[in-house]
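Bear in mind the structure is a predicted one, so any value in this text is a computation, not a measurement.
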Amino acid sequence: MRRGLAVCLLALAFALTAAEESPYAFLPEVVASVDGRPLKREEVVKLIPPDFTGDRAARREAVRRAIETRIYLDEVDSLLREAKITVGSVETTAYLRQLNALLPAGVEGIPQEEIPRLAADREFQLKTALHTLFQRDYPEAIRVEDRRVEEFYRLNQKDFLLPEGFDVGIIRLHGKDAEKQAGELRSRLLQGEDFDRLAAQFDPEGAQLPTPELLALFRRTAGPNAAAGSISPPLDWAGSWYLLKLKKKTPAAFVSLADAAPFIREQLAAEKSARALEGLLRKRLADRKIVILLPPVQ
């Protein structure tokens, strides 16, 4: 009998410890309902960052905000189901590539190697689905006038300035005599020998494009007014010696309004769709019976 009582008390102690480990255990198991459907505490708190800290009042407020987020997300899912829009990684990949295609020449977009990871992300899939919904069913809500596109371009023109560009050839040399060899090769280059031919001969593996640090070192040694055709002095970097040739120099320039317009239009349409979605959800939720079941903090 005593042994059985001890086991029960031990089990009860473990249960109490497990309950105390949850910082939201002071709240009821069901924290809200929508049209009679319960929203459980455990599914709502998943939307709260795990490193969130605060007293009980702050945690109650965090749960309240998470309830609102959960209700909005559920309503978005309902909206997309009614519209029969289903989006996965294939559709999201196509949309991300479409966004890249809208960027003006010279402006970097989403790296190609990042697209598969982003396309598998639920948040990006949701954005793609909403983009499809508004384009198909609510085109007027996201229509952007030419006047607004030009206004945005004028107000944010500094964001459309392409930096000075450099096309740089590179020769990388290894070994104990690399510094001496680099000096000799530079002399031959200054006398008119072909850079690409010497690069193929002395760096047959083909060095990669210079790192930003190496390029910055070249710019410091060559000066800001270095002309196309300039040869760097031998550069000591990361255990190797380098010779760089400035093959082509492109001055900084603004992207034209015509080139920037498709990207700007898409960006402004995305902003309008976010506002339109908020209005649409508020209208739909006005017809729902929502009850928040969070007691006051004692």
Side-chain angles (χ1 to χ4, degrees), residues 18-19 21-54 56-96 98-99 115-143 266-297:
E21 286 177 352
S22 171
Y24 304 98
F26 67 95
L27 294 172
E29 183 179 351
V30 175
V31 291
S33 67
V34 180
D35 290 344
R37 182 179 66 83
L39 282 181
K40 293 188 176 181
R41 181 188 67 219
E42 62 183 23
E43 68 174 283
V44 168
V45 298
K46 293 176 182 177
L47 297 173
I48 302 174
D51 58 350
F52 177 82
T53 58
R56 284 193 169 191
R59 279 176 277 155
R60 180 188 184 278
E61 176 60 19
V63 170
R64 186 192 64 77
R65 292 195 300 268
I67 290 171
E68 292 180 353
T69 300
R70 181 72 271 160
I71 291 173
Y72 269 82
L73 290 174
D74 288 347
E75 195 64 34
V76 168
D77 286 342
S78 176
L79 177 64
L80 293 173
R81 280 196 306 272
E82 292 171 13
K84 297 182 179 179
I85 293 176
T86 304
V87 166
S89 59
V90 173
E91 295 83 1
T92 306
T93 296
Y95 179 53
L96 292 173
Q98 176 188 336
L99 292 178
I115 287 181
R117 182 183 66 82
L118 296 176
D121 185 89
R122 174 57 183 157
E123 181 180 348
F124 279 92
Q125 291 180 0
L126 183 58
K127 288 179 179 178
T128 303
L130 291 171
H131 173 266
T132 303
L133 173 72
F134 279 96
Q135 269 203 334
R136 190 191 73 185
D137 297 348
Y138 305 95
E140 282 303 308
I142 61 172
R143 190 172 67 86
E266 182 67 24
Q267 185 176 346
L268 294 178
E271 293 174 3
K272 293 189 75 172
S273 67
R275 293 192 295 271
L277 175 64
E278 183 176 355
L280 187 59
L281 291 179
R282 288 187 183 280
K283 184 177 179 180
R284 289 171 62 94
L285 290 172
D287 297 329
R288 305 286 191 202
K289 184 180 178 181
I290 300 173
V291 181
I292 306 297
L293 302 172
L294 297 178
V297 174

For a side-chain contact (heavy atoms from CB on, under 4.5 Å) check, start with the C-alpha distance between Asp51 and Thr53, then their side-chain angles and the critical distance, and finish with the verdict. CA-CA 6 Å; Asp51 58 350; Thr53 58; over 6 Å; no
Check: [Y] and [X] side chains under 4.5 Å, non-hydrogen atoms:
X      : Y      : result
Val45  : Leu27  : no
Arg60  : Val63  : no
Arg122 : Leu126 : yes
Arg37  : Asp74  : yes
Tyr138 : Arg143 : no
Tyr95  : Thr132 : no
Pro28  : Arg41  : no

Measure across [X] and [Y] and return the closest heavy-atom pair with its distance rounded to 0.1 Å.
X      : Y      : value
Ala57  : Val297 : CA-CG2, 3.9 Å
Ser78  : Arg288 : OG-NH2, 4.0 Å
Leu47  : Ala66  : CD1-O, 3.5 Å
Pro139 : Arg136 : CD-O, 4.1 Å
Ala276 : Phe134 : CB-CE2, 3.6 Å
Thr92  : Ala119 : CG2-CA, 3.7 Å

[atom2] on [Y] to [atom1] on [X], rounded to 0.5 Å:
X      : Y      : atom1 : atom2 : result
Asp137 : Ile85  : CG    : CD1   : 6.0 Å
Leu277 : Glu75  : CG    : CD    : 10.0 Å
Leu99  : Lys127 : CG    : NZ    : 10.0 Å
Leu133 : Leu280 : CG    : CG    : 7.5 Å

Is the shortest distance from a Lys or Arg side-chain nitrogen in [X] or [Y] to a carboxylate oxygen in the other one below 4.0 Å?
X      : Y      : value
Arg64  : Glu61  : yes
Asp35  : Arg284 : no
Asp121 : Arg117 : no

With sequence neighbours excluded, what pairs up with Tyr24 under the side chain to side chain donor-acceptor pair (under 3.5 Å) test? none
State which residue, out of Leu281, Leu285, Val76, fulfils the side-chain contact (heavy atoms from CB on, under 4.5 Å) condition with Ile71.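 Among Leu281, Leu285, Val76, the one meeting side-chain contact (heavy atoms from CB on, under 4.5 Å) with Ile71 is Leu285.
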For a side-chain contact (heavy atoms from CB on, under 4.5 Å) with Ile142, tell me which candidate from Gln135, Glu271, Glu266 qualifies.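 By the side-chain contact (heavy atoms from CB on, under 4.5 Å) criterion, Ile142 pairs with just one of Gln135, Glu271, Glu266: Gln135.
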Would you say the side-chain atoms of Glu278 pair up with the backbone N or O of Arg275, donor to acceptor, closer than 3.5 Å? no
Within the distance-only criterion (no hydrogens, no angle test), does the side chain of Arg70 pair as donor or acceptor with the backbone N or O of Leu39 below 3.5 angstrom? no
How about CD on Glu42, more than 12 heavy atoms from neighbouring residues, nucleotides or ligands closer than 6.0 Å, or not? no
How about Glu82: does its CD atom have over 12 heavy atoms from other parts shown lying under 6.0 Å from it?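 Result for CD/Glu82: enclosed.
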Please enumerate all residues that pass side chain to side chain contact (heavy atoms under 4.5 Å, CB included) together with Ser33, with sequence neighbours excluded.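 Scan of Ser33 (side chain to side chain contact (heavy atoms under 4.5 Å, CB included), adjacent residues dropped) gives Val291.
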Evaluation steps, side-chain contact (heavy atoms from CB on, under 4.5 Å), between Thr128 and Leu96: CA-CA 9 Å; Thr128 303; Leu96 292 173; 5.8 Å; no
